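Whatever order the structure lists them in is the order used to number ligands and atoms, beginning at 1. We're numbering straight along the sequence, starting at 1. Owing to the predicted nature of the structure, the values given are computational and were not obtained by experimental measurement.
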Amino acid sequence: MPELASTPLVGTVVHGAGRGTGLGFPTANLSPAPGTAVPPPAIYSGWLTRPATGDVHRATVSIGTNPTFGDSAEVHVEVHCHDAPDGLHLYGERVELRFVARLRDTEKFATVDELLAAAREDVRRSDALLAAAPAPAAPTP
Ligand SMILES: Cc1cc2nc3c(=O)[nH]c(=O)nc-3n(C[C@H](O)[C@H](O)[C@H](O)COP(=O)(O)O)c2cc1C
C-alpha cells in the first residue's frame, strides 16, 4: 500500500448533495485548495483540524464519486466527524485533514442499508485506530 501523504489535505467546507444528514451520516464536503494533494479514492481514517478554533476531531473520510448513488462523476472529499452526530456546520471554513490509515476501497452497494452498515463499521474501526494514535497538535490560524 502506498504511504499516506504526510502533508495535510487543506480544503474549504462546501455544500454537498445534502444526503448525508438524512442518512444519519452527516459529512463536511471539502473543496481541496489548489495544489493540495488528494489521496486516491478510498475510505480513510484521520484527523480533521480547524485552524480557526484550534479544535481537533476524530474523523472517517470518504474520497470518491459515491458510486452507490451513481449521480456524480466528480470526486468528493467527505468527512464524518465522530463526535458530531448532527454534523459540524463549517461552511466556508478552511480545515485540514491528516490521514492515519486507509480502511477499504469505495464500493457500489446494492442498497443504502448496506452502505450504512459498512460506514458504521468504518467509523468503529477508525475510532479504535485513532484512539491508539497520537493526536496532532491543535492548529493555529
Ligand atoms: C464512512 C463513510 C463511508 C462511505 N463509503 C461509501 C462507499 O463505499 N460507497 C459509496 O458510494 N459512498 C460511500 N460514502 C459516501 C456516501 O455515499 C455519502 O457520504 C452520502 O451520499 C452523502 O453525500 P452528500 O454529503 O454529498 O450528500 C461513505 C461515506 C462515509 C462517511
- request: For side chain to side chain donor-acceptor pair (under 3.5 Å), just list the numbers for S45 and R125, CA-CA rounded to whole Å, side-chain angles, deciding distance to a tenth of an Å, and then say yes or no.
  value: CA-CA 8 Å; S45 175; R125 284 177 62 206; over 6 Å; no
Which is it for [X] and ligand 1 at heavy atoms under 4.0 Å: side chain, backbone, both or neither?
X: T68; value: both
X: S62; value: side chain
X: T60; value: side chain
X: E78; value: side chain
X: L115; value: side chain
X: R104; value: side chain

field: Heavy-atom closest contact (T106 atom, P67 atom, distance)
entry: CG2-CD, 3.6 Å
Can you list the ligand 1 atoms lying under 4.0 Å from a non-hydrogen atom of [X]?
X: F109; result: 7 (C), 8 (O)
X: T106; result: 7 (C), 8 (O), 9 (N)
X: F69; result: 17 (O), 21 (O)

message: So, regarding E107 and ligand 1 (criterion: nitrogen or oxygen to nitrogen or oxygen, under 3.5 Å), is there a contact or not?
response: yes
statement: When distances are taken from atom 15 (C) of ligand 1, the protein heavy atom at minimum range is N66 OD1, 3.3 Å
contact_flag A118 ligand 1 heavy-atom lt 4.0 Å: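 Contact check A118 vs ligand 1: negative.
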